[in-house]
Amino acid sequence: MLYSKLLIPTLKDDPAEAEVISHRLMVRAGMIRKVAAGIYDYLPLGWRTVRKVAEIVRQEMDRAGAQEVMLPAVQPSELWKESGRWDYYGKELLRLKDRHDREFCIAPTAEEVITDLVRREVKSYRQLPMNLYQIQTKFRDEIRPRFGLMRGREFIMKDAYSFHKDTASAEAEYWNMYETYKRIFTRCGLNFRAVEADTGNIGGSFSHEFMVLAETGEDFIASCDSCDYAANVEKAECREPEIVDKSRLPREMLEEEEVELPIEKVHTPGKKTVEEVAEYLHVPLKKIVKTLIYKSAIGSKSLAILVRGDHEVNEIKLNRFLESSGFSEVALADNETVERVTGAPSGFAGPVGLPKDVPIIADKAVLGMKNFITGGNEADTHLPNVNIKDFAIQLGIGYLAAQGKEAFLDLRKIVSGDPCPKCGTGKIEIFKGIEVGHIFMLGTKYSEAMKCTYKDDNGDDKPMIMGCYGIGVSRTAAAAIEQNNDKNGIIWPAPIAPFEVIVLPLNVNDKGVMDAATEIYNALKKAGVEVILDDRELRAGFKFKDADLIGFPVSVVVGEKNLKDGLVEVKSRSAGEALRVRVSEAARKTGEIINEKKGTDC
RNA sequence: CGGGGCGUGGCGCAGCCUGGUAGCGCACCUGCUUUGGGAGCAGGGUGUCGGAGGUUCAAAUCCUCUCGCCCCGACCA
């Protein structure tokens with residue numbers, strides 16, 4: 001391709017709206033343009049990269065035995081009502097009506113449609129298992145789209161759905177997809193981790209997320225430094241030392257085994273946060289217990305959650321424990337509620353003396369604490385030397401007691417340095433990641449709701465066991481940039497670069513330069529290399545800047561000076577240094593470097 | 001949805017407070033010079049000042065409404 005003929009509107013200035021690197025660079029490199037909030041045009045370069053990611057996904061999915069289909073983007077409400085998600089999905093589901101006033105939605109995912117297809121066309125266990133996928137534009141009406149392609153409303157996704165006669169088959173396919181995903185992201189040249197994940201509102205029993213490690217990631221990953229454990233922080237369980245058997249306590253816990261002292265009361269004017277209190281009273285954060293008032297979304301019931309001062313509540317865990325308790329979907333209470341419940345301004349809540357109808361639930365880590373500091377339920381007051389016996393943890397949420405659950409639960413977010421929940425000996429490290437893939441064991445949630453059944457070998461109808469597997473194709477392209485860039489621009493992993501090589505004749509008006517460049521360009525094209533010839537009549541510096549910004553893995557620089565000696569430069573974007581080779585050797589050498597890059601990136 | 005902010009040429013911005021000829025840089029077009037890291041000089045084109053209403057002799061500027069966008073928060077395969 002000739003550069004002069006391509007639509008590559010690069011920008012010298014950063015676009016004002018772009019916050020993260022991938023967004024900035026994709027706009028500057030002329031890959032995307034915004035049409036509306038979270039909705040973008042893909043220009044030739046951007047689209048080439050997206051297509052390359054999609055092609056890798058397609059090849060690996062096919063290799064894994066899946067079949068590609070194409071499902072509708074606009075879907076009738078009936079199917080969504082059948083699964084129950086029409087009401088449940090919320091505002092992210094963009095709904096619309098056709099001219100006959102029939103309700104539709106723009107698909108954010110396709111469980112309903114695929115389940116409908118399979119229930120109509122697949123009848124027998126002999127036809128199972130089956131894995132169907134599509135690569136398609138999806139729409140989710142995100143509350144706040146941001147970060148360019150990382151979190152758009154419209155995005156390109158590969159979604160796959162598998163159907164099985166039994167759990168064993170479904171699990172086998174789950175792990176088949178797990179391996180397939182590893183191959184896909186490896187082939188894309190990405191540094192990623194597969195982590196245990198929460199299943200969210202898709203439902204199902206277990207799942208893994210594939211995370212590209214990057215500072216700008218929105219997800220936090222807990223990873224063990226000695227075993228292979230890795231999980232989304234939302235999901236990661238916390239292993240608390242068993243405190244029942246004192247002889248087995250680690251030394252640092254033993255220090256907590258002090259004599260319980262009587263409660264005191266201190267004046268802490270304006271010290272609302274644990275940090276402020278710790279500093280004011282000269283105690284470590286670990287000596288404080290935070291009391292957080294939560295409020296149910298429905299009704300106005302409140303409850304108090306206790307966590308150690310240096311810990312944070314994991315609301316996903318909390319809500320899971322509270323499922324079907326009447327405390328559905330709790331969230332941090334507003335200041336008004338806090339004042340009503342505790343009788344003190346926000347910042348001074350504590351477990352001692354809370355109204356009886358406010359149940360107290362504590363994180364397990366609190367169980368090991370003695371003589372800790374809590375809020376006094378009174379303005380500018382904290383209570384040192386509080387102990388668990390002082391406030392009678394209310395096993396009071398009746399259902400907890402009824403279920404034999406304790407009021408000390410795993411409710412906190414795991415933090416760096418915690419013991420690994422799996423091996424127990426390793427320490428947890430926290431990384432940031434971008435979710436590019438997610439695999440779920442769905443079970444029978446959709447097949448039961450939508451009567452997607454098969455006849456087993458006895459002729460009985462059974463619901464199919466399902467799995468579903470997503471990859472954010474456009475997001476993967478953005479994640480690759482987050483992970484591969486420098487101050488000059490993008491450094492594409494060769495397998496997903498929009499072009500593999502750029503040939504840069506520094507002076508297009510010099511016949512010798514142009515002839516040599518054209519010769520190399522033609523030879524590369526003939527060899528099947530994706531090459532672009534920068535035939536623009538521009539200064540050298542300009543061309544270099546564009547080439548670096550766009551991030552071609554290899555550039556071939558043809559300049560008058562080197563050409564006098566019959567030489568050109570072959571430069572690798574990632575390595576930086578230039579290799580001088582003869583014109584006649586240039587194409588072969590460049591091809592070698594590209595193949596090597598594609599090889600090592602695999 | 002709560003809080004904050006921004007809409008002025010293709011892009012980035014100034015002007016608004018204190019109403020009175022709409023500006024700067026980049027980009028774009030022409031010419032000459034230049035030509036290995038976003039050139040120099042000269043000339044040129046480019047704006048419903050996001051939209052609607054209002055105040056005023058006069059509105060980019062003040063007021064009201066509205067639309068769009070960005071940031072923080074809550075939310076999220």
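Lettering of chains follows the sequences in order, A, B, ..., and the numbering in each one begins at 1. FYI, side chains are in, hydrogens and waters are out, and symmetry mates aren't considered; it's all heavy atoms of this structure.
Listed nucleotides B/G38, B/G36, B/U34 differ in distance to A/Lys561; the shortest reach to its side chain belongs to B/G36. Of all nucleotides listed (B/C11, B/C76, B/C71), B/C76 comes nearest to the side chain of A/Glu92. Here B/C71 is the nucleotide among B/C69, B/C71, B/G36 with the atom lying nearest to any side-chain atom of A/Arg144. Distances from the side chain of A/Arg151 to the nucleotides B/G36, B/C76, B/G38 place B/C76 closest.
Straight-line distance from the CZ atom of A/Arg146 to the P atom of B/C70: 11 Å, rounded to whole Å. Per the geometry, CD1 belonging to A/Ile143 stands 8 Å off P belonging to B/C76, to the nearest Å. When rounded to the nearest whole Å, the span between CG of A/Asn488 and P of B/G37 equals 13 Å. In this structure, A/Lys12 atom NZ and B/G38 atom P are separated by 9 Å, rounded to whole Å. B/A14 atom C1' lies 15 Å from atom CG of A/Asp13, rounded to whole Å. B/G37 atom P lies 18 Å from atom CG of A/Leu549, rounded to whole Å. Look at CD on A/Glu142: it is 13 Å from P on B/C70, rounded to the nearest Å. A/Arg33 has its CZ atom 17 Å from the C1' atom of B/C69, to the nearest Å.
Among the heavy atoms of the strands lying under 4.0 Å from A/Lys34 are primed sugar atoms or P, OP1, OP2 only; no base atom is included. Using a 4.0 Å heavy-atom cutoff across all strands shown, A/Glu569 reaches at least one base atom of the nucleic acid. Within 4.0 Å of A/Asn509, counting heavy atoms only, lies no atom of the nucleic acid at all. At the heavy-atom level, A/Tyr469 lies nowhere under 4.0 Å from the strands shown. Within 4.0 Å of A/Glu234, counting heavy atoms only, lies no atom of the nucleic acid at all. Heavy atoms of A/Lys571 sit under 4.0 angstrom from at least one base atom.
Between A/His438 and A/Phe440, the ring planes are parallel. Angles under 30° get that label, and only those over 60° would be called perpendicular.
Using a cutoff of 4.0 Å between basic side-chain nitrogens and carboxylate oxygens, A/Arg119 and A/Glu82 are scored as salt-bridged. By the 4.0 Å N-to-carboxylate-O rule, A/Asp546 lies close enough to A/Arg536 to be salt-bridged with it. Salt-bridge check for A/Lys34 with A/Glu17: passed, with a basic side-chain N closer than 4.0 Å to an acidic carboxylate O. Residues A/Arg58 and A/Glu55 are paired through a salt bridge, judged by an N-O separation under 4.0 Å between the basic side chain and the carboxylate. Using a 4.0 Å cut-off between charged nitrogen and carboxylate oxygen, A/Asp486 and A/Arg573 count as a salt-bridge pair. For the pair A/Glu209 and A/Lys235, the salt-bridge criterion is not met [side-chain N within less than 4.0 Å of a carboxylate O].
To the nearest whole angstrom, the two P atoms, one in B/G68 and one in B/A59, are 27 Å apart. Here the separation of B/G47 from B/C11, taken at their P atoms, is 14 Å to the nearest Å. Taking atom P on both nucleotides, B/G23 is separated from B/C49 by 14 Å, rounded to a whole Å. B/C70 and B/C13 have their C1' atoms separated by 16 Å, given to the nearest Å. B/C57 and B/U66 are spaced 28 Å apart, taking the C1' atom of each and rounding to whole Å. Spacing between B/A27 and B/U48 at atom C1', rounded to whole Å, works out to 23 Å. Nucleotides B/C41 and B/C26 have their P atoms positioned 9 Å apart, rounded to a whole Å. Nucleotides B/U21 and B/A60 are separated by 14 Å at their C1' atoms, to the nearest Å.
One cannot find a donor-acceptor pair under 3.5 Å joining the base of B/G12 and the side-chain atoms of A/Arg28. Evaluation of atom-type donor-acceptor distances gives a pair under 3.5 Å for the side chain of A/Asn562 against the base of B/G36. A donor and an acceptor atom never sit less than 3.5 Å apart when one is taken from the side chain of A/Lys545 and the other from the base of B/G36. Judged by distance alone, with hydrogens and angles left aside, A/Glu560 brings no side-chain donor or acceptor close enough to the base of B/G36 to form a pair under 3.5 Å. Contact annotation: side chain of A/Asp546 to base of B/G38, donor-acceptor pair present below 3.5 Å.
In this structure, B/A42 forms a base pair with B/U30, meeting either the Watson-Crick or the G-U wobble geometry with both donor-acceptor distances under 3.5 Å. Partner assigned to B/A60 is none, using Watson-Crick or G-U wobble distances below 3.5 angstrom. Across all strands shown, B/G73 forms a Watson-Crick or G-U wobble pair, both distances under 3.5 Å, with B/C1. Partner assigned to B/C49 is none, using Watson-Crick or G-U wobble distances below 3.5 angstrom. Nucleotide B/G23 has B/C13 as its partner under the Watson-Crick or G-U criteria, with both atom distances under 3.5 Å. Under the Watson-Crick or G-U wobble criterion, with both distances below 3.5 Å, B/G7 is paired with B/C67. Base pairing of B/U18 is not made with any nucleotide, judged by Watson-Crick or G-U wobble geometry with both donor-acceptor distances under 3.5 Å. B/G37 makes up no base pair with any nucleotide shown, lacking Watson-Crick or G-U wobble contacts both under 3.5 Å.
Judged by ring centres under 5.5 Å apart and planes tilted less than 30 degrees, A/Phe544 stacks against the six-membered base ring of B/G37.
In this structure, B/U34 is classed as anti because its glycosidic torsion departs from zero by more than 90°.
The residue among A/Ile156 and A/Gly541 whose nearest nucleotide of RNA chain B is located toward the 5' end is A/Gly541. Residues A/Asp219 and A/Ala540 each lie close to RNA chain B; by heavy-atom proximity, the contact nearer the 5' end of the strand is made by A/Ala540.
Both tests do not hold together for A/Lys543 against A/Tyr3: distance to the six-membered ring centre under 6.0 Å, angle to the ring axis within 45°.
Side-chain N/O atoms of A/Arg539 include none lying less than 4.0 angstrom from OP1 or OP2 on B/G38.
Side-chain contact between A/Tyr446 and A/Arg85 is present, with heavy atoms from C-beta onward closer than 4.5 Å.
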